[in-house]
Amino acid sequence: MKKILVVLLCLVLVIGIGLIRYLDYQNNAIVVCIDAGHGGYDTGAIAADGTYEKALTLAYAKQIGKYIEASDENIRVVYTRTSDTVSWPSNVSKDLKARVKIAKEQEADYYISIHFNSADASAYGYTAYVKSSDKASKAIYKTMAENLSQSGWEYDRGIETTTNYPLYVVDQLSIPSMLIEVGFITNENELKDLEQAIYRKTICKDIANAYISYIQKQSDD
């Protein structure tokens with residue numbers, strides 16, 4: 001009987017310690033909200049080969065999140081969606097509001113929305129959109145662009161502000177928020193690279209590392 005009680009006490013202790021650590025993690029971790037653009041009813045841009053933008057954004061969003069959490073236990077990642085089944089109606093306005101609501105409810109500290117561009121077949125490269133006053137996202141993008149350049153992912157089309165290109169999911173959040181267009185889905189050669197696992201791994205790591213390095217620097221200061 002005593003042995004059973006000892007075992008039970010040990011189990012309670014282990015569970016208790018685990019619960020305390022989990023609650024501490026939930027309360028103190030820096031939260032990065034990653035939004036996989038489009039999804040569900042909204043395919044996003046469609047490439048000549050039939051590739052949907054929504055499929056690429058989901059794959060990239062989940063891999064970026066995986067790298068962030070694997071690199072720093074003090075950063076917690078939340079997603080606006082983790083599958084093609086979305087939690088909001090087939091309505092653009094409600095769609096955008098739902099993404100912002102998720103970030104707010106999860107008390108996110110940073111927000112990044114993953115997208116892929118579309119234009120004429122010759123256009124290529126990556127760019128991002130942030131609020132003009134968002135110094136944090138500008139700094140993160142600068143590191144991101146340096147990372148991508150060093151990895152050979154070309155080319156940096158620069159950063160734009162929502163003063164000229166208003167974006168609901170960026171403008172309606174008070175936290176550092178960025179929408180990044182990783183590449184052009186309408187460029188056949190760039191699309192082939194974007195769909196390759198080796199390129200996706202590199203790009204996602206470079207994006208993740210930009211956030212990790214910035215967050216860690218803020219923690220050290």
Rounded at 0.5 Å granularity, tell me how far [atom1] in [X] sits from [atom2] in [Y].
X	Y	atom1	atom2	value
K104	Q172	NZ	CD	6.5 Å
N74	I212	CG	CD1	11.5 Å
K205	S71	NZ	OG	8.0 Å
N187	S118	CG	OG	12.0 Å
T51	F116	OG1	CZ	10.5 Å
H115	E53	NE2	CD	6.5 Å

same_hphob_cluster([X], [Y]) at 4.5 Å side-chain heavy-atom cutoff:
X	Y	result
L173	I64	no
I175	I140	no
I180	Y214	yes
W88	L179	yes
Y60	Y111	no

[X] versus [Y]: any side-chain heavy-atom pair under 4.5 Å?
X	Y	result
K131	D171	yes
Y67	Y211	no
Y165	V170	no
E190	W153	yes
T80	V169	no
T186	D120	no
L194	I203	yes
S149	E154	yes

Residue that, paired with [X], satisfies side-chain contact (heavy atoms from CB on, under 4.5 Å) out of [options]:
X	options	value
L56	L191, I114, V182	L191
N147	D206, I207, T202	D206
M178	D35, I159, V130	V130
R81	I34, I102, L58	L58

Tell me whether [X] at atom [atom1] has more than 12 heavy atoms from other residues, nucleotides or ligands lying less than 6.0 Å away.
X	atom1	result
Y199	OH	no
E107	CD	no
K101	NZ	no

May I ask you to decide if [Y]'s main-chain N or O and [X]'s side chain share a donor-acceptor pair within less than 3.5 Å?
X	Y	value
E181	Y126	no
D84	G40	yes
R99	A36	yes
N117	G183	no
T57	G37	yes
E69	V77	yes

| Any chance the side chains of Y168 and D95 put a donor and an acceptor closer than 3.5 Å? | no

For a quick test of reading the model, state the closest non-hydrogen atom pair linking [X] to [Y] and the distance between them.
X	Y	answer
A208	I68	CB-CG1, 3.6 Å
Y41	P89	CE2-O, 3.8 Å
A210	S213	O-OG, 3.1 Å
S132	K138	O-NZ, 2.6 Å
Y79	G65	OH-CA, 3.3 Å
D42	G44	OD1-N, 3.0 Å

| field | Stepwise side-chain contact (heavy atoms from CB on, under 4.5 Å) test for T161 and Y129 | value | CA-CA 5 Å; T161 71; Y129 299 84; over 6 Å; no

| Between F184 and R157, is a side-chain contact (heavy atoms from CB on, under 4.5 Å) present by the stated rule, with each step listed? | CA-CA 11 Å; F184 280 81; R157 299 175 68 90; 3.7 Å; yes

| request: Please step through side-chain contact (heavy atoms from CB on, under 4.5 Å) for the pair D156 and L148, ending with a clear verdict. | output: CA-CA 9 Å; D156 179 9; L148 290 167; over 6 Å; no

